[in-house]
Each structure stands twice: as structure tokens, then as C-alpha cells.
Amino acid sequence: MKVASSNEIRLLDKEAVEKYGISHEILMENAGAAVARLILHTASEEDTVAVIAGPGNNGGDGLVCARHLASHGMDVHVYLVADPERLSELVKKNLDRVALANIPVEKVTEKNVEELQDVLPFYDVIVDALFGTGLTRPLEGVYKEAVEAINDSGSLVVSVDIPSGINSDTGEVMGTAVKADFTVTFGLPKIGLLLYPGAEYAGEILVSHISYPRSLIEDDRIKVETNDPLYPPPRQPDTHKGDYGKALFIAGSKRYYGAPMLASRSFLKAGGGYSRLATVSSIVPFLAIRAPEVVYEELEETSSGTISYRNLEKILKLTEASDIVAIGPGIGLDDETARLVLELIPRINKPLIIDGDGLTILARDTTILSTRKYPTVITPHPGEMSRLTGKPIEEIKKSRLKTALEVAQKLGSYVVLKGAHTVIATPEGKAYINLTGNPGMATAGSGDVLVGAIAGMYGIGYGFEEAVRMGVFVHGLAGDLAAESIGMDGLTAVSIMNFLPRAMKELRENFERIYNENSLPVLV
Ligand SMILES: NC(=O)C1=CN([C@@H]2O[C@H](COP(=O)(O)OP(=O)(O)OC[C@H]3O[C@@H](n4cnc5c(N)ncnc54)[C@H](OP(=O)(O)O)[C@@H]3O)[C@@H](O)[C@H]2O)[C@H](O)CC1
Ligand SMILES: [K+]
């Protein structure tokens, strides 16, 4: 499903009216009715409802909702946090309709806003219709106090379009924000609902298309989408291991032999066919015990136990017999090894995954990617992204989508910026926000399993972009299945790896359910 910025949704809003003859009044009526429908599905008709309406169209949606709930016999009160004289004509029209339907309306100002703290707890349901995509600055004064009263109420909170106070483009909290149980968002989901902390404040998100024409919902001008799963390519019956991809992992060192094991083994667990690990000879005997199904290529090592530059030609030869190559997990930062990595990246004539220390080394000279003729994906966590861009981590965490898109464009590479939620950006300027995964996956080695999962998706036959997307999707799904089975606390990278087969089985056998459980529900 497409995910819109506030500007894009305003553009779609404008085109719905100007190109498709759908008036703002119809859009607002559908929006308010959608929120009412959710409440009628969720609460009981005996419940009492407080609608907190703000000064703009978000408030207007709230007023429409109030009218629909009242017509179902619910006990509804409107608290108008706005100057009625400054309302737009359409919002004023809906305020008049509310008054004409004898729905009590109380004006909230600085003088009486603190009373909300006392009265809101008596309502079963609170509709947060203060601000939506028109929020332009941090909430202060009466609005801030209204939000805090909503959050302190203990009632069921339903936010209209976006929790008031959440920035619809970045997910940032602007001063303060409503913590909703549900958010009904209109037209298309907003980016700020899918990026933290907005994603946490939104509660359960439901989308209502409010009669937007399908062409607007699927408009290619909108470059961000949720990372919805794609059905896996069929596994042919008469196959041999080579059919599911031959992957080469250039990884590991005397100090880090967990990473190469996790990456090369996850490739097989995700369905890949033939996994080769080129690593320092001193750790091969240990790895061979833990991962006997991986084929090992022993490499000469430096005095610090990392892969020596002397292996350059041998490694290039190995890449020729591979379908996809991954470089970096646990490879270390030894100067000689770094020189080898910088020499290999432009000369590996295969699709390439660069991860871990390989990214820290790449940060020394990202221009080497520009000569590559084959697709590349980099899989940084925010710290590695900070080294690649020179931007502070805090800034990256606040602008994950923008940073991923910028770097993908600049490096001509796919970017997987890990974290909640992981963002995938393409060199063509598209982005996917992944919805699988859970906090338990923030564990050492999780990224190494992701490398193997991406390579495995390519191995089973997805195209490169699809393999990157689906690697992220199944990695998160495996983490979710693992958490379901053993809880989040004890979730380790090995647990995630061991649930990759189950994730693939679920994907093949219960695709519809997996799809529905991991994409945004449309409110009907
Ligand atoms: N997308 C659609 O198809 C539909 C959207 N609808 C609803 O419309 C809102 C967006 O409505 P809008 O009127 O643009 O803005 P808001 O209602 O979110 O905000 C109202 C005004 O509040 C002012 N503002 C902004 N930030 C603050 C602040 N921190 N403190 C005080 N006031 C603030 C701002 O006006 P200013 O002139 O003061 O800047 C806003 O304009 C969308 O979210 C949907 O709910 C349609 O109703 C249905 C279709
Ligand atoms: K809102």
C-alpha cells in the first residue's frame, strides 16, 4: 500500500476535488463516518463519547463523527478547542449540524481547559480530532493541555487521521502527542504513522480510502509503500542445489566467527541452495562443526587473524562461480583487509551485499560503488549509516526515510536502513517501510542473519530488488514467529535463523494470512 506525506495527501485531496469532482464535503463526511464505524464496531452503543475537535478539517472530521454516533443513539459530547468564528465554512457547517442535532458542544479555552482532566475520564471513548496533517508546529497552551487530558483519561482513544501532535511526515512528537488505541487514517496511511515514535502513538492503524478513486490510491507519484510480501517463486521438483542460487560469503576473522556462520547458514535456512564461506583458515574447523552444510574456502590470514590481501585473486575466482556475493560480516577493520575489501567491491561482477565492517570500510571511499555494473545493497544500522554519511546518529534516527533515499540515490545502491521499522530505499528513489519484526530482534548477529536472508531470497529466484525487500520481510517474520514461540527476551540471532524455514513455509502455505497480518488493514 502506498504511504503518503502530508504534501502528497494534500495533492491527492486537491485532485480528488478538482479532477474527480469529489467535494471536500464528501471526503469529510466519509472520513467522519469511517471513524464512527470503527467506534460502532469496537465500542457498545451504551458507551459515552467525547469528541475533542480542533480548529481545522481534522476537527471537521470529528464533528461529522459525532453526528454519526449520535444518530446511532450514542451519548456524544463535543469539546471544541477552537474559535468558532475562525472555522472554515465547511467545518462551521458541520458544527451547525451538530448543534441542530442537539449534540452538546462545549467551547474549550485557556479558562476551562483544565476541566477536561476532570470530565474526560467519565467518557468510555474519546475521539482525538484536534490536529491531523495540518500540524505545523509543536503543540502549546490549550492544545497541549487538551492532549495531556486525553492521555490521562484512561478512556479508549481513537485518533482521526493521525494522533494529534505527531508529525505526519517524520513520526516525531511535536511537543506532546495523543497516545491512541486506534488511528483511522484517510485516503492513504501517512509516513508519520509508520515511523517511530509515531508508529507507537498511533495504536492499531486502519485505513479508510474515503472514496478516493483507485488511480489516486495507486498513484506512481507516491514513492513510498509498505513492504508488502510478494509470493515466492515456485521450487521446481527436479532440482539440484545449484538451482537455488550459489552464494559466496566473504566474511569472518579469528575474532568474529559467529557473523560468518550466521550469514552463510541463514542463506540455506531461507531456501538458498549452495552456500560457500570464504574465511580465515584458523576458524574453519570450528565453523564446520556448527555449520556442516556450508562449504568452506580457506583463506590466508594477516597477523591479526583477518583475511589477507594475498587472497584477492582467489576470491575473485570464487565470485565467478557464484550468483550472489556478500562481503563484510565479522571481517574486521585491519588495514590490509580493508584494502582488500576496497579492491574487491568494484571488481566483483555479481550482485553484492555489503554489511557490517564492510560498510565501515566502504565509508572510507564510497565512490568505488559508482563503477559497479551489478546491483549492490548496503545494510547499515544507524551507526554504520552515520559513518557512511557523516551525519550524527540522532539526525539519522529522526530522518530515516529521507536519509535512506538520499544515500540510495547518491551511491546508486539499494539501502536497507535497519531499525524499527526497517526502511528499504532504491536507487530509483522508491522506498518501502517494512512492517514485520519486533524489538526482540535488536540482538547481536541479527544483521548477519538478514544478510543470509536477502541472499537466500535472490537464490530462490526473486529479482534483486524483490530479494532485498523479501529478505527484510522474512527476516522480520522469522523474528515474529520466534518471539511468538519463545518470547522476546531470549530471542537470539540463532533463534531468528532457525525460524527462517518456518517463515518461508508460512509464506508459501498461508500467504494470504501472512499478507493480511503484516499490512495495514482497510476499514470497511
Ligand atoms: N486527506 C484527505 O483526503 C482528507 C483530510 N481531511 C482532514 O483534514 C485534515 C487536515 O486538515 P487541515 O485543516 O489542513 O489541518 P488540521 O486540521 O490538521 O490543523 C488545523 C489547523 O491548525 C493550525 N495548527 C497547526 N499546528 C498547530 C499548533 N501546533 N497549534 C495550534 N494550531 C496549529 C493550522 O493553521 P495555522 O493557520 O494556525 O497554521 C492548521 O491548518 C486531515 O488530517 C484530515 O483529518 C478531510 O477532512 C477528509 C479528507
Ligand atoms: K487527530
Side-chain angles (χ1 to χ4, degrees), residues 2-20 22-35 51-65 80-83 86-94 108-110 113 126-147 150-151 157-169 172-193 198 201-203 205 207-213 216-217 219 222:
K2 297 280 185 186
V3 180
S5 67
S6 54
N7 286 336
E8 285 168 335
I9 208 72
R10 270 192 280 279
L11 172 74
L12 295 188
D13 205 25
K14 191 164 173 294
E15 293 199 357
V17 173
E18 292 171 4
K19 262 176 82 178
Y20 296 90
I22 303 171
S23 69
H24 269 124
E25 182 147 22
I26 291 174
L27 292 175
M28 185 171 284
E29 191 69 18
N30 289 345
V35 179
V51 173
I52 317 297
N57 290 332
N58 196 250
D61 298 349
L63 296 171
V64 169
C65 174
L80 182 65
V81 195
D83 173 357
R86 291 191 56 204
L87 298 175
S88 72
E89 190 192 325
L90 175 56
V91 177
K92 186 78 177 61
K93 207 169 170 186
N94 275 302
V108 177
T109 64
E110 285 78 5
V113 63
I126 294 174
V127 176
D128 155 34
L130 273 171
F131 297 105
T133 53
L135 184 76
T136 52
R137 50 195 187 276
L139 295 180
E140 288 168 352
V142 65
Y143 302 110
K144 190 176 170 101
E145 292 188 60
V147 166
I150 293 170
N151 287 342
V157 177
V158 178
S159 279
V160 174
D161 205 26
I162 191 155
S164 298
I166 290 296
N167 181 311
S168 44
D169 294 333
E172 275 172 284
V173 172
M174 306 283 279
T176 183
V178 166
K179 276 188 78 54
D181 296 291
F182 294 93
T183 296
V184 180
T185 192
F186 311 122
L188 286 172
K190 314 307 178 287
I191 293 170
L193 291 174
Y201 279 75
I205 299 165
V207 181
S208 175
H209 292 315
I210 56 173
S211 87
Y212 264 19
L216 282 185
I217 306 275
D219 196 313
I222 297 181

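Throughout, residue positions are numbered sequentially from 1 according to the sequence presented. All ligand and atom numbering here is 1-based and tracks the order in the structure. Hydrogens, waters and symmetry mates are skipped; everything else that's a heavy atom, side chains included, is used.
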Q: Select the closest option to atom 40 (C) of ligand 1 among Ser211, Gly62, Gly134, judged by heavy-atom distance.
A: Gly134
Q. Which is it for Pro138 and ligand 1 at heavy atoms under 4.0 Å: side chain, backbone, both or neither?
A. backbone
Q: To the nearest 10 degrees, calculate the angle at the K ion (ligand 2) involving OG of Ser164 and O of Val160.
A: 170°
(Q) Under 4.0 Å between a side-chain nitrogen and a carboxylate oxygen: does that hold for Lys2 and Glu8? (A) no
Q | Proximity winner for atom 3 (O) of ligand 1, if only heavy atoms of Phe131, Tyr143, Phe186, Tyr212 are counted | A | Tyr212
Q: May I ask which of Asp61, Ile210, Leu11 has a heavy atom nearer to atom 44 (C) of ligand 1 than the others do?
A: Asp61
Q. By atom name, which N, O or S atom of Asp128 is the nearest to the K ion (ligand 2)?
A. O
Q: Looking only at protein heavy atoms, identify the closest one to atom 42 (C) of ligand 1 and say how far it is in Å.
A: Asp161 OD2, 3.2 Å
Q: Enter the distance from Leu27:CG to Ser211:OG here, rounded to the nearest 0.5 Å.
A: 5.5 Å
Q. Which is closest to atom 39 (O) of ligand 1 by heavy-atom distance: Arg86, His209, Glu8, Arg137?
A. Arg137
Q) Quick one: nearest non-hydrogen protein atom to atom 17 (O) of ligand 1, plus distance? A) Asn58 N, 3.0 Å
Q. What residue and heavy atom of the protein are closest to atom 13 (O) of ligand 1, and at what distance?
A. Asn57 N, 3.0 Å
